[in-house]
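Take a look at the structure below.
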Amino acid sequence: MSKSGFQELGNLSERIPGLINIARIAIVLPLLVMHAFGVYSNGTHIGMSFPPVEFYSWAALYSFLILLSVARPDWQWQTLDLPNASAVVDISMMRILVYIAGGVDSGFGILVLPFVATSCLLSYGHYPMLYAGYASMLFFFNLLLDGSIRLHPFDWDTQPLITTVLLCGACYLVAMLTSFAARYLEQATESASRHQLAYRRISGLNRLVLNRVQEAVIVIDSTQRVWLFNKQAKTYFPGLVVDQQEVVFGELVTRWQYHPDKPFETDIHIFQHAMHVRAVPLIQEQTELLMLYVRSLREVAAEAMSTKLTSLGQLTANLAHEIRNPMSAIRHASDLLQEGNEADALKAKLYNIIDSNIQRIDKMLEDVSLFNKRDNISRQPINLMKFWLEFKQEFTLNNPDAIGCLRMNMDGNNLTVLVDPMHLQQVMWNLCNNAWRHSRQDENAITVLIRPSGRMHISIVVADNGKGVPPDVRNHLFEPFYTTEKQGTGLGLYVARELAHANMGQLHYHPEMNGFELILPKEQARDE
């Protein structure tokens with residue numbers, strides 16, 4: 001038997017010593033009362049059948065055993081290498097009582113049987129024949145002492161002998177039955193232990209798998225009672241509690257009941273969140289359950305966009321690489337043709353056209369290369385006040401005319417975003433460059449407003465005092481390669497928005513502000 005099986009069996013039978021002690025008290029106490037006060041039946045004093053000295057000595061010894069078992073019950077448990085000591089003591093004490101009472105004809109011999117049974121239980125079913133044999137040996141030894149068995153078999157007293165044989169047979173029968181029950185209990189306990197261990201392993205594995213799933217997993221029944229959910233579900237719905245009804249799933253349960261066996265998918269608003277739900281019916285032990293896989297529609301869209309942009313990024317990277325080689329050859333050929341032809345005004349004009357278009361293509365390739373770096377993200381906490389001071393200094397160094405023309409207002413102290421610093425630098429550079437080109441380029445040219453946006457995000461608005469974007473152009477602002485300027489590539493705002501998305505943010509144009517709003521995730525404090 002395994003160690004865990006012994007432990008489980010010990011837990012199941014730990015009350016046996018207490019029950020044995022109750023049986024001892026139930027034997028000693030009535031005998032003491034009968035002997036002390038005298039109980040008469042047909043004029044005979046039953047208590048007088050016990051010799052006083054022997055009986056009180058036996059009662060005192062057995063009472064000491066009872067007190068010892070109350071104070072130290074663990075003495076009755078021992079290893080299985082030897083028969084149980086307390087079992088041997090109880091059987092011996094019962095045989096002494098039989099001898100004091102006058103032999104097997106007194107009827108007290110039957111008291112041995114319960115202790116033979118408990119002896120097998122205390123030994124977990126081991127040594128049943130040994131306990132029964134020991135009890136039988138004491139029975140026959142008792143016959144020798146009281147003279148029921150003599151030297152000549154014809155002189156034997158048959159009535160005590162028959163009683164003894166019946167009691168011995170009962171001892172063996174009780175020992176075998178109890179041993180069988182204890183062994184069955186042993187096997188059942190070990191089987192339960194194995195199943196419990198397997199259950200714990202499977203439960204732990206299920207929790208590990210469920211908590212690693214990106215989707216929120218929620219299991220409910222037909223009464224909308226929650227059975228199970230993972231950590232992601234708690235993120236979406238902080239109020240979820242196991243065994244509690246959630247009425248927000250009523251629409252899903254109603255749809256499930258129309259077709260109980262068919263999975264379905266749907267978009268639904270839960271707790272004011274737009275969610276995509278994939279529902280899978282389950283039948284577990286005649287219990288119908290519905291497993292819900294829930295994802296935010298915003299996350300689904302962002303994931304789909306990320307997959308599309310990854311493919312697009314690989315394509316544009318290959319195109320950029322292929323275009324650079326012929327462009328380098330064209331630039332080199334143009335430089336060679338310009339040598340010695342400075343006096344030809346027409347050729348100089350043509351060379352200028354070639355050079356300007358080469359520069360435009362170079363700028364486009366540079367923007368494409370930057371766009372392809374959006375997946376190489378190293379997000380870290382950025383203090384916006386410190387960032388703005390450094391950015392403003394760099395921007396005015398590259399645009400000296402903008403000195404004194406940038407104003408910043410910050411609503412709050414110590415606002416910090418979680419973003420890639422190079423991406424934030426590029427996005428702000430594109431927005432401020434656009435704002436400066438389209439502004440009146442005076443002291444109120446560019447206004448930057450930094451403020452919290454809800455609990456989880458921070459808003460950065462870059463506005464200018466120019467004419468604004470015409471209505472017919474607004475729908476094309478973030479389209480790649482769309483531009484209204486002759487020297488523009490049409491990738492600046494597109495790349496800026498993609499970098500914002502890559503950092504779990506958003507970039508929008510607000511006509512009423514005449515500017516762009518960049519929304520970035522806020523760094524969460526540790527105690528939040």
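Separating the CG atom in Leu424 from the CG atom in Leu499 is a distance of 10.0 Å, to the nearest 0.5 Å.
Contact of the Tyr293 side chain with the Val277 side chain is not registered, since no non-hydrogen atoms from C-beta on lie closer than 4.5 Å. At least one side-chain heavy atom of Met385 sits less than 4.5 Å from a side-chain heavy atom of Met410.
Using cut-offs of 30° and 60° on the angle between ring planes, the pair Phe391 and Phe387 is parallel.
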> Should Asn409 and Ile450 be marked as a side-chain contact (heavy atoms from CB on, under 4.5 Å) after you check the CA-CA gap, both sets of side-chain angles, and the distance that decides it?
Replying inline: CA-CA 6 Å; Asn409 296 320; Ile450 302 176; over 6 Å; no
> Can you list the steps and then say if Trp436 with Asp464 is a side-chain hydrogen bond (donor to acceptor under 3.5 Å, both in side chains)?
Replying inline: CA-CA 7 Å; Trp436 177 248; Asp464 63 74; over 6 Å; no
>> Checking Asn465 against Asn514 for the side-chain hydrogen bond (donor to acceptor under 3.5 Å, both in side chains) test, could you report, in this order, the C-alpha distance in whole Å, the side-chain angles of both residues, the deciding distance, and whether it holds?
In response: CA-CA 7 Å; Asn465 62 358; Asn514 197 23; over 6 Å; no
> Hey, mind stepping through Arg295 and Met275 against side-chain contact (heavy atoms from CB on, under 4.5 Å) and telling me if it holds?
Replying inline: CA-CA 6 Å; Arg295 287 289 302 276; Met275 296 292 181; over 6 Å; no
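Side-chain atoms of Glu523 and Gln380 include no donor-acceptor pair closer than 3.5 Å. Looking at His508 and Glu517, their side chains never bring a donor and an acceptor atom within 3.5 Å of each other. A donor atom on one side chain and an acceptor atom on the other are found under 3.5 Å apart for Asn430 and Gln426. Looking at Asn414 and Asn383, their side chains do bring a donor and an acceptor atom within 3.5 Å of each other.
Salt-bridge annotation for Arg278 and Glu215: present, with a side-chain N of the basic residue lying under 4.0 Å from a carboxylate O of the acidic one.
Test Val294, Leu290, Leu292 against Phe249 for side-chain contact (heavy atoms from CB on, under 4.5 Å) and you get one pass: Leu292. Of the candidates Leu520, Asp420, Val419, Ile382 forms a side-chain contact (heavy atoms from CB on, under 4.5 Å) with just one, namely Val419.
The environment of Glu512 atom CD is dense: over 12 non-hydrogen atoms of other residues, nucleotides or ligands sit within 6.0 angstrom. Enclosure of atom CD in Gln257 by more than 12 non-hydrogen atoms of other residues, nucleotides or ligands within 6.0 angstrom is indicated.
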